[in-house]
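My structure is below; once you've seen it, I'll send some questions.
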Amino acid sequence: LAGCAGTRAVSDKELLHLVVLHTNVLHGQTLPRAATWLDKENPPERGGLARLAGEIEASERELSEAGALVLVVDGGDWYQGTPEGLVGQGLDFTTMIGEMPYDAMCVGNHEFDFGVPHLAKLIQESEVPSILANVRMRESGQRVDWALPYRIVDFGNLRVALVGLLTVDTPSITHEDARDLDFVDPARELRVVMAELEALDGGVDLVIPVTHLGVNIDIELAAEHPELPLIVGGHSHSTLREGVRKGDTLIVQAGCK
């Protein structure tokens, strides 16, 4: 297991198996949908929140019993996209996914669709483990206080930092009050985060960005941070069945819904 720049070193003799289960752009898909990509004439039903929760639970159990360490993350755009996802302006759906075993969920651009105060309230009331590092308040220059920039999962023998990075295009594609915030270049902000993590007592072993940037920007991020082993993405609705590589960095994304 190779450590990232700015992190503590892991012993070469310690072999660990880490599995990252990831979703992105759920877009309020509470119910199963017709899988026309499997059969256009008689499509079977696939997906839905209950089925997703069951799949995550079963996979986590199987992997843990096999001795693996498991992370569950999401790449943003939680509730917007279906009538049922918009019940309570997204609160009902977001509360449901907040009860699922996610370790971290990147804030997506559509989380801003009802304005910044609503988003802050949504995160607080649903208790989703939100992450967002590269959005700052304009007057103070400080990061927003309604989402953590990163979350550290400590397995005892492995400390992993999950860092949330959101597309800088957000102010132009969502509620107008997002324009009152500063959306910082994700590669630049990640350098700031790396320095913060290095200064932490004990440091971390591994840094994994969980992004809502789109696969092309994830590739640019990997080019500027070649020390990253993995980037878990969202936003571009890309189905990367084997992932894509930029240098030694694997970039993954799981389609949509």
Side-chain angles (χ1 to χ4, degrees), residues 21-33 45-57 60 71-137 142-151 153 162-167 169-181 183 210-213 232-237 253-257:
L21 304 177
H22 59 100
T23 59
N24 54 268
V25 288
L26 297 175
H27 274 320
Q29 196 65 47
T30 308
L31 304 174
R33 58 197 293 239
E45 288 192 336
R46 290 291 184 270
L49 206 55
R51 188 170 292 171
L52 174 62
E55 182 69 19
I56 291 174
E57 181 181 356
E60 258 199 318
L71 291 169
V72 186
V73 300
D74 179 79
D77 279 0
W78 307 329
Y79 65 86
Q80 178 71 273
T82 65
E84 61 273 18
L86 288 171
V87 172
Q89 293 186 318
L91 179 59
D92 291 53
F93 185 86
T94 307
T95 298
M96 285 191 290
I97 58 176
E99 295 175 353
M100 294 167 66
Y102 283 103
D103 294 292
M105 303 184 71
C106 183
V107 175
N109 57 279
H110 278 296
E111 272 68 86
F112 288 83
D113 282 357
F114 293 103
V116 174
H118 174 265
L119 173 54
K121 180 181 178 183
L122 187 76
I123 290 172
Q124 180 182 16
E125 293 189 5
S126 67
E127 299 183 343
V128 292
S130 59
I131 50 173
L132 182 59
N134 66 316
V135 178
R136 294 177 177 265
M137 294 177 287
Q142 299 298 309
R143 292 190 183 111
V144 295
D145 58 6
W146 35 262
L148 293 178
Y150 50 82
R151 292 177 182 268
V153 180
L162 304 168
V163 184
L165 299 170
L166 174 59
T167 174
D169 294 335
T170 296
S172 64
I173 53 178
T174 187
H175 195 282
E176 62 182 12
D177 66 7
R179 300 169 196 166
D180 296 329
L181 299 171
F183 289 73
V210 182
T211 78
H212 196 81
L213 301 173
V232 180
H235 187 48
S236 56
H237 296 212
Q253 196 178 146
C256 65
K257 293 181 177 275

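Computation of the quantities below employed the complete heavy-atom set of this structure, encompassing side-chain atoms and omitting hydrogens, waters and symmetry-equivalent molecules.
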Once you round to the nearest 0.5 Å, how far does CD of E55 lie from CG of L21?
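Those atoms lie 8.5 Å apart.
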Can you tell me how far CG of L26 sits from CG of L49, rounded to the nearest 0.5 angstrom?
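Reported to 0.5 Å precision, the distance equals 7.0 Å.
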Specify the closest pair of heavy atoms between A147 and L132, including all atoms of both residues, with the distance to one decimal.
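Scanning both residues completely, I find the closest heavy atoms to be CB-CB, 4.0 Å.
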Not counting sequence neighbours, which residues clear side chain to side chain donor-acceptor pair (under 3.5 Å) with Q89? List them please.
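Testing Q89 for side chain to side chain donor-acceptor pair (under 3.5 Å), a comparison that skips the adjacent residues, returns none.
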What residues, two or more places apart in sequence or in another chain, satisfy salt bridge (charged side-chain N to carboxylate O under 4.0 Å, His left out) together with R136?
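Checked R136 against salt bridge (charged side-chain N to carboxylate O under 4.0 Å, His left out); matches are E189.
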Can you measure from CG (L166) to CG (L213) and round to the nearest 0.5 angstrom?
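L166 atom CG to L213 atom CG measures 7.0 Å (nearest 0.5 Å).
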Quick one: does M96's side chain get under 4.5 Å of T30's, heavy atoms only?
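Counting from C-beta outward, M96 and T30 do come under 4.5 Å.
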What pairs meet the side chain to side chain donor-acceptor pair (under 3.5 Å) rule with one or both residues in residues 122-133, with sequence neighbours excluded?
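Output for this query is empty, none listed.
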Beyond-backbone contact of M100 with V72, side-chain heavy atoms, under 4.5 angstrom:
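No, too far: nothing below the 4.5 Å cut-off.
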Is V135 close to F183 at the side-chain level, that is, under 4.5 Å between some pair of heavy atoms?
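In short, these two side chains touch, coming nearer than 4.5 Å.
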Spacing of R33 atom CZ and C256 atom SG [to the nearest 0.5 Å]:
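Going from the CZ atom of R33 to the SG atom of C256 covers 5.5 Å.
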Between A133 and L165, what is the shortest heavy-atom contact and its length?
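Smallest heavy-atom distance, with atoms named: CB-CD2, 4.3 Å.
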Exercise: identify the closest heavy-atom pair between H118 and G88
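Result for this residue pair: NE2-O, 4.3 Å.
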Return the minimal non-hydrogen interatomic distance between D74 and V210, and the atom names on each side.
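For D74 versus V210, the nearest heavy atoms are O-CG1, 3.3 Å.
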Please, which pairs that meet side chain to side chain donor-acceptor pair (under 3.5 Å) have at least one residue in residues 92-106, sequence neighbours excluded?
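Residue pairs passing side chain to side chain donor-acceptor pair (under 3.5 Å), neighbours aside: T23-Y102.
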Let me have the donor-acceptor pairs involving side chains of residues 108-116, under 3.5 Å, with sequence neighbours excluded, atom names and distances please.
unit_1 : atom_1 : unit_2 : atom_2 : d
N109   : OD1    : H212   : NE2    : 2.8
N109   : OD1    : H235   : ND1    : 3.2
H110   : ND1    : D113   : OD2    : 2.7
E111   : OE1    : D77    : N      : 2.9
E111   : OE1    : G108   : N      : 2.5
E111   : OE2    : W78    : N      : 2.7
D113   : OD1    : T174   : OG1    : 2.6
D113   : OD2    : Q80    : NE2    : 2.9

Spacing of CG belonging to L31 relative to NZ belonging to K257, to within rounding of 0.5 Å:
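Between atom CG of L31 and atom NZ of K257 there are 10.5 Å.
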Would you name the heavy atoms of M137 and R143 that are closest together and state the gap between them?
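So the minimum-distance heavy-atom pair works out to CE-O, 3.4 Å.
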Partners meeting side-chain contact (heavy atoms from CB on, under 4.5 Å) with P101 (sequence neighbours left out)
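With sequence neighbours excluded, P101 shows a side-chain contact (heavy atoms from CB on, under 4.5 Å) to I56, E60, given in chain and number order.
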Side-chain contact, heavy-atom cut-off 4.5 Å: V107 with I123?
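Yes, their side chains come closer than 4.5 Å.
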In Å and rounded to the nearest 0.5 Å, what is the CZ to CE distance from R151 to M105?
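Rounded to the nearest 0.5 Å, the CZ-CE separation comes out at 10.5 Å.
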